[in-house]
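Encoded as structure tokens, the structure appears first; notes follow it.
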Amino acid sequence: MKSLERALRQIRGEGRKALVPYFMAGVTPNWRDYVHAAIQGGADAVEIGLPFSDPLMDGVVIQEAGLRALNAGTTLASVCAELQQESFSVPLVAMTYYNLFHYDGLERAAGRLQQAGITGAIVPDLTLEESTHWRAVCASSDVATIFMVAPSTTSDRFVQLAAATEGFCYAAARMAVTGRAAGAGDAQRVVDSVREVSDVPTYVGIGITQPEQARESSAFSDGVIVGSALVARVLAGDSPVEIEGLIATFRDAIDG
Amino acid sequence: MKSLERALRQIRGEGRKALVPYFMAGVTPNWRDYVHAAIQGGADAVEIGLPFSDPLMDGVVIQEAGLRALNAGTTLASVCAELQQESFSVPLVAMTYYNLFHYDGLERAAGRLQQAGITGAIVPDLTLEESTHWRAVCASSDVATIFMVAPSTTSDRFVQLAAATEGFCYAAARMAVTGRAAGAGDAQRVVDSVREVSDVPTYVGIGITQPEQARESSAFSDGVIVGSALVARVLAGDSPVEIEGLIATFRDAIDG
Amino acid sequence: MHMQQPDESGRFGDFGGRFVPEALMPACLELEAAFKEAWSDPAFVGEFRHVLAEFGGRPTPITHLSRLSDKLGVRIFAKREDLAHTGSHKINNVVGQTLLTKRMGKTRVIAETGAGQHGVATATAAARLGLGCTVYMGELDTQRQELNMFRMELLGARVVPVTSGSRTLKDAVNEAMREWVTCVEDTHYCLGSVMGPHPFPWMVREFQSIIGQEAREQMLSRGEGVPDMVVACVGGGSNAAGIFAGFANTTSRLIGAEAAGGAAVANGSPGVLHGMKSMLIQSEFGQIEEAHSISAGLDYPGIGPEHAHLAATGRAEYVPVSDDEVIPALQLMSELEGIIPALESAHAVAWIIREAGRAIPSGSSVLLNLSGRGDKDVAQVREMLKGQQ
Amino acid sequence: MHMQQPDESGRFGDFGGRFVPEALMPACLELEAAFKEAWSDPAFVGEFRHVLAEFGGRPTPITHLSRLSDKLGVRIFAKREDLAHTGSHKINNVVGQTLLTKRMGKTRVIAETGAGQHGVATATAAARLGLGCTVYMGELDTQRQELNMFRMELLGARVVPVTSGSRTLKDAVNEAMREWVTCVEDTHYCLGSVMGPHPFPWMVREFQSIIGQEAREQMLSRGEGVPDMVVACVGGGSNAAGIFAGFANTTSRLIGAEAAGGAAVANGSPGVLHGMKSMLIQSEFGQIEEAHSISAGLDYPGIGPEHAHLAATGRAEYVPVSDDEVIPALQLMSELEGIIPALESAHAVAWIIREAGRAIPSGSSVLLNLSGRGDKDVAQVREMLKGQQ
Ligand SMILES: Cc1ncc(COP(=O)(O)O)c(C=O)c1O
Ligand SMILES: Cc1ncc(COP(=O)(O)O)c(C=O)c1O
């Protein structure tokens with residue numbers, strides 16, 4: 001079991017629901033300050049978006065953040081190099097698209113993540129079927145591969161995906177890309193389907209924009225992922241301190 | 001033999017070359033003054049254009065004159081009514097398109113011409129083959145039917161057209177509509193072809209714009225028709241007196 | 001199956017004939033002889049059919065318009081001339097005439113065009129055979145149809161704007177005839193419809209009758225039998241004559257849809273224009289009126305002489321369709337069938353929509369000649385729909 | 001005659017596969033099963049062929065381009081996809097996919113489009129079957145191709161401008177996929193080329209292979225035998241795959257002409273985009289570059305995975321053609337043959353013109369896939385030629 005899953009299982013073991021915010025790497029020069037602020041505000045792990053030209057699974061907010069990051073010259077290598085200079089008290093998880101790893105070379109890309117202290121990767125366009133090579137490469141590293149499940153996932157696929165995912169299982173609350181709609185959607189059914197076949201921590205994402213929604217979804221899951229709602233604030237110019245405050249309201253809602 | 005041909009044969013008999021100017025009826029309110037002026041200047045007969053919406057055989061100058069006449073409300077009936085009020089010392093010949101007569105009814109149209117003192121009609125789109133009815137109607141009147149021959153006319157058609165034409169035979173100097181090019185063109189060959197098969201007076205038209213050209217063409221024919229060159233002057237605003245002077249220069253060139 | 005042959009003087013009953021300047025008569029006679037000779041030569045007919053098959057895209061299919069049929073309660077089949085090369089039936093005629101031009105030893109063609117369909121088709125066929133090509137187009141139309149002008153130029157043709165008269169199709173025909181006089185020696189006038197002096201109305205109908213021949217075979221071979229009605233739009237009338245030719249000797253009712261603003265049968269009277277005697281829209285003094293139609297291809301004040309004759313004998317019926325009916329018909333056809341018809345063809349569609357269950361008894365089978373595709377018209381339709389909002 | 005089947009995971013050699021969000025995987029699997037089942041059902045195949053014949057205008061002819069051949073010293077034959085309904089080969093694919101949509105019980109399709117050809121084709125096929133239709137089109141393209149946008153609307157489709165990224169085709173695909181996630185239950189994504197996740201590259205090639213099947217039969221039945229070369233332009237590669245399918249197991253050399261500004265084989269490297277692994281133009285950091293081509297239909301930074309495989313194995317060759325060569329090729333083809341090719345197809349023509357007597361030995365026989373007609377492009381060509389003066 002990789003370190004990510006050990007850490008997340010321990011959080012669950014402590015009776016705590018996980019709060020996992022998302023930030024786009026490179027979106028502003030001080031982007032890492034947002035990561036620190038999030039941790040300060042109560043995040044249990046942080047998703048780091050690595051910008052890609054064609055983000056198939058993202059809505060306009062994260063697209064825009066990615067574009068800013070790309071225009072600022074952000075690359076897989078530059079992000080990993082920046083992260084290597086610091087250390088963070090919670091696990092970091094990369095979120096990006098497969099071509100970035102493929103182009104870099106899978107071994108090299110996995111090595112970069114590991115060295116940067118990233119212990120997991122969510123790659124929404126890497127299907128279970130196509131993931132064999134990547135997972136084989138990561139087997140010898142501490143980088144976990146996190147799979148998504150969705151309302152359309154069939155029962156046989158729930159079994160396979162829940163078995164394959166490492167760290168946690170990403171339960172998409174609805175049939176949509178990031179940042180489109182809000183609320184728990186089909187999340188409970190999706191989470192239940194995972195639980196029927198696995199005890200892996202299962203977090204709800206895609207549509208968690210308000211603390212109240214986070215509370216609601218964390219009631220039937222092991223945690224929530226908050227993406228576009230935060231990224232929108234960053235794009236609007238909120239400071240790290242403001243983001244810390246915002247995260248804290250999510251934390252309170254979940255815990256309270 | 002109709003009066004037109006008798007008159008024209010007599011002119012030839014006198015050793016005189018005929019000068020036949022063309023005016024568009026209705027082009028100006030005083031259009032008949034131009035006819036009188038032309039006679040004064042030495043015309044042996046006058047062609048009266050009856051304006052038609054689609055003058056297939058006319059170039060831009062006569063088209064423009066026709067358009068002005070039509071816009072002024074000129075009709076077959078109005079022209080005939082106007083002419084009826086006056087008398088002219090030389091024969092008048094109508095030049096127009098078949099639809100005007102067809103629409104009016106052939107008998108009625110022929111009657112109008114006769115009453116207006118018009119003794120001949122040139123109808124360029126009325127082929128010999130289609131002319132039977134019109135000629136039958138005119139047989140009981142003094143309106144002559146004048147046919148054209150052209151450089152493309154074949155030898156059998158020269159025979160038929162020269163035999164059918166009344167008054168004179170209109171020898172087109174070139175393959176062109178009115179007002180396009182100047183000079184004698186193929187006129188001599190065309191005139192010779194008529195002469196081989198008939199002794200009908202044969203006049204050259206289509207391209208006689210200068211007195212010198214009139215002199216040249218009348219040398220091998222029985223006369224010339226001057227159209228666009230005069231109409232252009234009328235359109236440009238020349239007065240009847242000026243036109244009389246212009247005609248006189250043609251007269252002098254032919255006679256001199 | 002065949003329509004009537006014109007008599008010696010080129011008449012269909014009272015209509016037709018030859019009303020041209022003497023300078024053009026020898027060319028008309030030569031053309032008549034050349035066409036007669038060629039049309040009875042299996043080699044020529046074979047070449048004609050071969051070119052239409054390998055270059056023109058024939059045979060065009062017949063499409064059962066099932067959704068429109070269901071909506072209207074009649075069985076509608078469309079003969080798909082919109083799929084022919086250059087986008088309309090015009091290609092049939094120009095392939096025939098350009099092949100004949102070559103056979104006559106001429107090296108050049110001239111043509112008139114309204115919206116540009118016949119001009120593009122002529123330029124196309126001329127390019128293929130390496131013939132020179134000049135197209136006369138009313139100046140107003142060159143402005144309205146800049147792209148078609150450019151298309152002809154791409155195909156190597158020269159386009160001459162006609163500035164006389166109303167500066168539209170009628171004047172383009174006048175000008176082409178005037179020009180033909182000057183170059184008749186080496187040049188054929190490739191007339192675009194079943195109009196003009198004999199032998200054009202007959203010759204063009206013969207070239208277009210491939211539409212009707214195919215359609216009849218196709219209707220029979222799909223077990224439909226001859227349709228109760230055959231409907232086509234009529235400008236000069238070449239697409240109508242072409243499809244009627246397949247059904248003239250059957251029980252099918254033949255319907256020609258004219259633009260209301262150029263309805264030569266409904267609102268015209270006999271007259272002489274452009275070398276022919278036919279039904280024409282005329283002023284009370286025998287001047288030819290300008291037609292007014294939403295569709296450039298029907299914007300003509302006359303009709304081919306054979307149609308005038310078919311109307312006089314009652315063998316075919318000619319019905320006016322107003323501009324207002326045409327756009328909704330084009331829209332309905334596009335939405336239900338995935339075929340955007342030319343504005344011209346949409347007149348025939350509009351009549352079917354209007355008369356289904358009325359002049360067309362419910363359950364009838366109707367063969368529609370879809371004479372062309374609407375791509376050329378979408379910019380215009382767009383402007384008009386904008387205007388309506 | 002047949003091309004290779006992809007393996008279980010949808011691979012052609014190293015390329016292909018499925019790289020989509022989990023939310024779409026069930027739909028891809030369902031589609032694969034449905035297509036396999038339908039494609040082995042003679043009733044479905046029969047219906048597909050019937051619709052293409054009676055609605056789509058198939059078979060399209062093969063035209064011997066005799067004047068161009070004489071000029072270049074090679075024997076050139078053109079497969080006339082320009083004569084297919086809506087003006088290009090795109091109709092073959094959309095007829096197949098919309099029939100399959102109905103069979104799967106879905107009531108709606110979505111599609112991406114660049115210049116609008118695939119969008120118009122999809123809207124057309126959807127209209128005919130009464131399916132709802134939404135088309136995603138880059139905002140820049142909606143401005144450049146206003147008329148195609150209106151055409152789709154006439155056909156009853158909704159057109160959604162895509163404002164993300166470069167606002168062109170690549171982003172339209174992204175957006176269509178994002179939308180598909182939200183409506184996959186009742187909606188089929190009608191992809192326009194041999195690209196995307198398995199089974200699209202395979203399915204689209206199968207639907208397009210009717211081009212190659214016809215062409216092969218036609219070449220044989222006219223006594224030409226298989227051509228020495230088969231040349232097609234390649235954007236995603238559907239028309240090329242379609243015609244190659246008829247000659248893959250012959251001695252014909254297969255040539256794909258890519259736009260130089262989007263030459264994924266010549267200038268690209270393996271990568272993953274739009275659900276597939278293939279050859280892509282990428283920055284040095286693995287970001288997908290924008291393609292740049294005079295022709296919207298080739299303005300794509302990738303190529304279908306089967307082509308990447310054919311290139312890797314050497315069975316087909318992919319050659320870049322620069323924008324500069326395309327306009328003269330379009331002009332020459334128009335003037336000599338009376339066929340205005342689409343700018344896309346003109347890339348294949350340009351390569352033949354450039355290489356006749358060089359890479360194409362004199363006297364060779366060459367089969368050109370004339371994938372579409374140029375009517376959609378004349379306004380653009382006109383502007384460009386004006387600019388040159
Ligand atoms: C598509 C289409 N249909 C019909 C016509 C009218 O011509 P005709 O009456 O000769 O068929 C035209 C003329 O341009 C046309 O383009
Ligand atoms: C005429 C034409 N040819 C070719 C293409 C390129 O597509 P493909 O490579 O899939 O054939 C297009 C795309 O729009 C097209 O319209």
Side-chain angles (χ1 to χ4, degrees), chain A residues 50-60 63-64 66-67 70 73-78 96-105 109 123-132 147-154 156-158 160-161 165 170-172 174-181 190 206, chain D residues 8-11 14 16-30 162-166 170-187 196-198 268-278 280-290 301-302:
Chain A
L50 304 176
F52 179 55
S53 52
D54 294 83
L56 206 66
M57 189 59 197
D58 288 308
V60 286
Q63 283 172 36
E64 170 64 19
L67 203 60
L70 286 174
T74 309
T75 65
L76 171 57
S78 74
T96 191
Y97 294 84
Y98 189 52
N99 196 53
L100 281 201
F101 298 163
H102 183 271
Y103 188 86
D104 204 34
V123 191
D125 63 344
L126 185 63
T127 53
L128 179 63
E129 288 80 352
E130 293 291 350
S131 66
T132 319
F147 286 102
M148 279 181 140
V149 290
S152 59
T153 299
T154 49
D156 54 329
R157 294 186 69 80
F158 271 118
Q160 294 159 22
L161 288 160
T165 198
Y170 192 134
R174 54 177 41 76
M175 296 297 285
V177 297
T178 60
R180 281 276 171 99
V190 176
I206 315 285
Chain D
E8 189 114 314
S9 66
R11 298 265 176 165
D14 206 28
R18 275 189 190 105
F19 296 85
V20 292
E22 167 61 19
L24 292 179
M25 270 303 281
C28 289
L29 294 167
E30 177 199 3
V162 174
T163 56
S164 61
S166 58
K170 178 167 78 79
D171 310 283
V173 177
N174 288 333
E175 199 60 22
M177 287 222 177
R178 290 177 188 128
E179 285 300 323
W180 197 27
V181 175
T182 71
C183 57
V184 65
E185 190 90 353
D186 66 349
T187 301
H198 181 60
S269 54
V272 173
L273 178 72
H274 293 156
M276 66 186 171
K277 178 172 177 189
S278 191
L280 304 173
I281 307 184
Q282 307 180 61
S283 78
E284 52 172 325
F285 304 110
Q287 304 295 344
I288 308 304
E289 303 261 0
E290 287 171 30

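Each chain gets a letter, A, B and so on, in the order its sequence line appears, and its residues count up from 1.
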Quiz item: Are any of the side-chain heavy atoms of D:P21 and A:M175 separated by less than 4.5 Å?
Solution: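 Result no, sub-4.5 Å side-chain heavy-atom pair not found.
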Exercise. Heavy atoms only, distances under 4.5 angstrom: which of A:E64, A:Q63, A:M148 has the most pairs with chain D? Name it, please.
Key: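 Looking at each option in turn, the highest pair count goes to A:Q63.
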Exercise. For each of A:F101, A:Y98, A:F147, A:Y97, tally heavy-atom pairs with chain D at distances under 4.5 Å, and name the one with the top tally.
Key: A:Y98
Practice problem: Determine the minimum heavy-atom distance between A:S152 and D:A23, stating which atoms define it. | Solution: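 Scanning both residues completely, I find the closest heavy atoms to be OG-O, 2.7 Å.
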Self-check item: Shortest non-hydrogen contact from D:S269 toward A:Y103
Solution: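 That closest heavy-atom pairing would be OG-CE1, 3.8 Å.
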Closer than 3.5 angstrom, by distance alone: can the side chain of [X] be matched with the main-chain N or O of [Y] as a donor-acceptor pair?
X	Y	value
A:T127	D:R18	yes
A:E129	D:G17	no
A:N99	D:G286	yes

Practice problem: Measure the spacing between CG of A:D54 and OG of D:S164 and express it to the nearest 0.5 Å. | Solution: 9.0 Å
Exercise. Quick one: which of D:H274, D:E175, D:E284, D:E290 has the most heavy-atom pairs under 4.5 Å with chain A, could you say?
Key: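 Highest number of pairs under 4.5 Å: D:E284.
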What part of [X] gets within 4.5 angstrom of chain D, counting heavy atoms only: side chain, backbone, both, or neither?
X	answer
A:L128	neither
A:V123	neither
A:P151	neither
A:A172	neither
A:T153	both
A:D104	neither
A:R174	neither

Please classify the contact of [X] with chain A as side chain, backbone, both or neither, using a heavy-atom distance under 4.5 Å.
X	value
D:I288	both
D:P270	both
D:E289	neither

Quiz item: Do the charged groups of D:E22 and A:R157 touch, with an N to O distance under 4.0 Å?
Solution: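 Yes, D:E22 and A:R157 are salt-bridged.
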Quiz item: After noting the C-alpha distance and the side-chain angles of D:K277 and A:H102, does the key distance pass the side chain to side chain contact (heavy atoms under 4.5 Å, CB included) rule?
Solution: CA-CA 10 Å; D:K277 178 172 177 189; A:H102 183 271; 3.3 Å; yes
Quiz prompt | Passing candidate, side chain to side chain contact (heavy atoms under 4.5 Å, CB included) with D:N174, options A:D58, A:V177, A:L56 | solution =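 Option passing the side chain to side chain contact (heavy atoms under 4.5 Å, CB included) with D:N174: A:L56.
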